[in-house]
2 protein chains.
Amino acid sequence: MSLKHGLLGLLNYGQMTGYELDKAFKASLRFFWQAQTSQIYRELNAMEQSGWLTSEIIYQTDKPNKKLYAITELGKLELQNWLAQNSLESEFQIRNLFLMKLFFSGGKDLKENIAMLNDYKKRCIDELVKLDTTGNSIEQYRKNISTQQDSIYWEFTARFGELYYKMYLEFLEEAIEKLEELQ
Amino acid sequence: MSLKHGLLGLLNYGQMTGYELDKAFKASLRFFWQAQTSQIYRELNAMEQSGWLTSEIIYQTDKPNKKLYAITELGKLELQNWLAQNSLESEFQIRNLFLMKLFFSGGKDLKENIAMLNDYKKRCIDELVKLDTTGNSIEQYRKNISTQQDSIYWEFTARFGELYYKMYLEFLEEAIEKLEELQ
DNA sequence: TGGGTCATGTAACCTGTTACATGATTAG
DNA sequence: CTAATCATGTAACAGGTTACATGACCCA
């Protein structure tokens, strides 16, 4: 359970509709968790049934009606509990398909592999550029949504992204170099 | 689909039973992918039905009978196809619950958060020690199972692990320092 | 008149997790 | 006598993915 807690975390900042949550999720949490729109609606339903949320339908004439969700006391408790317990094992695990592919790449020829690593390198640089942009958006959110206390933790996660992709880039460059030596 | 391809990759080195695959998976791929024993058996079944594998029952008197799997031509093709196409988007995504928790940690008090980061730091050091040990096991596998061509890619994935956890450690130390300044 | 935004979902499927079951042999 | 190793799974559930559906309003 993780998407549920991400949604709880967002709703703890204030009431939101599924549509808004979807956008907020994709704007702020997308770097370390991904969720389909359909999954978000499904989870919101389940969370309401668990008593973590309440909803209210807002009738609109010019736009489709919407369902505004609010976190309950039970939901807040659940969020606090989740935040308090650090489950080191599960949270430390990596799942990385690129590494799995790389592990089995001995069967392919060198040139193909060098090309592959160069593709990833380009992608890596893209990600670093994107992070530069989101640095500013944290500034904006900070003023609008939340207390200053939160923003330092948001910056931490952004910093992780920066360090991560820099490390990734370093790794790719090193690997490309080693493969080129074999040619 | 990823576990299936990991299993294909292992079976491409030679015939194995589900039990052996489970152990091989946990020995070599566990760093970047995790799988339950029950899931491995289930996937092997599905893969045989797809015609990627064939199986042969080995009758034993002193031990339980076993089912030896071998990769088919179709399976090899599937593996090669998977290796050839690099799907940058999905393979680049991170899923990290620790970061999600950190993102929402503004509500907790400083001391708790510093303690949490220190727990992760300890765990990080543990992982670095573990990787040091597996460095040797690659050496052993290299001689036994496969051609020398493969081993460079195995070393790459181990190197990624090293860089990753060093980066993680650096990140945690930096974050702890910043939080301690706020006290 | 075609595409984007607003807004909600359902259905089917695939993948991953948890808990449980069986039973012989062997090493400490 | 107890725990580990060998060896196979099943069942139920939780979580994630893909494809599809609806329909009004607004802007170019």
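Keep in mind that this is a model prediction, so the values were computed, not measured. Here is how names work: the chains are called A, B, and so on, in the same order as the sequence lines, proteins then strands, and each is numbered from 1.
Side-chain atoms of B/T37 and B/K26 form a donor-acceptor pair, as typed in the model, at a separation below 3.5 Å.
The distance from atom OH of B/Y69 to atom C1' of D/dT8 is 9 Å, rounded to the nearest whole Å. In this entry the distance linking NZ of A/K66 with P of D/dC25 reads 17 Å, nearest Å. Look at NE2 on A/H5: it is 13 Å from C1' on D/dA14, rounded to the nearest Å. Atom-to-atom, CZ of B/F25 to P of C/dG16 comes out at 9 Å; the value is rounded to the nearest Å. A/I58 has its CD1 atom 15 Å from the C1' atom of C/dT8, to the nearest Å. Residue A/E91 contributes atom CD, which lies 14 Å from atom P of C/dT17 at whole-angstrom precision. B/D22 places its CG atom 10 Å from the P atom of D/dT8, with the value rounded to the nearest Å. Residue B/L97 contributes atom CG, which lies 11 Å from atom P of C/dT17 at whole-angstrom precision.
Taking the salt bridge (charged side-chain N to carboxylate O under 4.0 Å, His left out) definition, one finds that A/E127 meets it with A/R123, A/K130, sequence neighbours left out. When the side chain to side chain donor-acceptor pair (under 3.5 Å) test is applied to B/Y153, the partners found at least two apart in sequence or on another chain are A/N113. The salt bridge (charged side-chain N to carboxylate O under 4.0 Å, His left out) test applied to B/E162 returns B/R159, B/K166, not counting sequence neighbours. Remark: A/E180 pairs with no residue by the side chain to side chain donor-acceptor pair (under 3.5 Å) rule, at least two apart or across chains. For A/F171, the ring pair (Phe, Tyr, Trp, His ring centres under 6.0 Å) criterion is met by B/F160, not counting sequence neighbours.
Through side-chain heavy atoms spaced under 4.5 Å, either directly or across other Ile, Leu, Val, Met, Phe, Trp or Tyr residues, A/I58 is tied to A/L68.
A parallel orientation is assigned to the rings of A/F92 and B/Y165, their planes being inclined by less than 30° (bins at 30° and 60°). Relative orientation of the A/Y13 and A/W154 rings is perpendicular, given thresholds of 30° and 60° on the angle between their planes.
Contact annotation: B/S2 does not reach the phosphate of C/dC14 (side-chain N/O to OP1 or OP2, under 4.0 Å). For the pair B/K4 and C/dT15, the criterion of a side-chain N or O lying under 4.0 Å from OP1 or OP2 is met. Taking side-chain N and O atoms only, A/Q60 has a distance below 4.0 Å to OP1 or OP2 of C/dA7. Using a 4.0 Å cut-off, no side-chain N or O of A/K23 falls inside it from OP1 or OP2 of C/dT5.
Nearest-nucleotide positions on DNA chain D place B/G18 closer to the 5' end than the other of B/G18 and B/R95.
Note on the helix from C/dT1-D/dA28 to C/dG28-D/dC1: angle between the axes of the first and last five pairs equals 40°, rounded to 10 degrees.
Screening residues 88-115 of chain B for salt bridge (Lys or Arg N to Asp or Glu O under 4.0 Å), with sequence neighbours left out, gives A/E91-B/K101, A/K101-B/E91. Among pairs with a residue in residues 5-19 of chain B, none fulfils salt bridge (Lys or Arg N to Asp or Glu O under 4.0 Å), at least two apart in sequence or across chains. Note on residues 47-72 of chain B: no pairs pass salt bridge (Lys or Arg N to Asp or Glu O under 4.0 Å), not counting sequence neighbours.
The side chain of A/L3 lies closest to D/dG16, out of D/dG9, D/dG16, C/dT8. Of the candidates D/dC6, D/dT8, C/dT8, the closest approach to any side-chain atom of A/Y19 belongs to C/dT8.
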Would you tabulate the pairs of protein nitrogen or oxygen atoms and nucleotide nitrogen or oxygen atoms of nucleotides 21-28 of chain C closer than 3.5 angstrom?
none

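Of the residues in residues 31-54 of chain B, B/W33, B/Q36, B/S38, B/Q39, B/R42 come within less than 4.0 Å of DNA chain C through at least one heavy atom, sorted by number.
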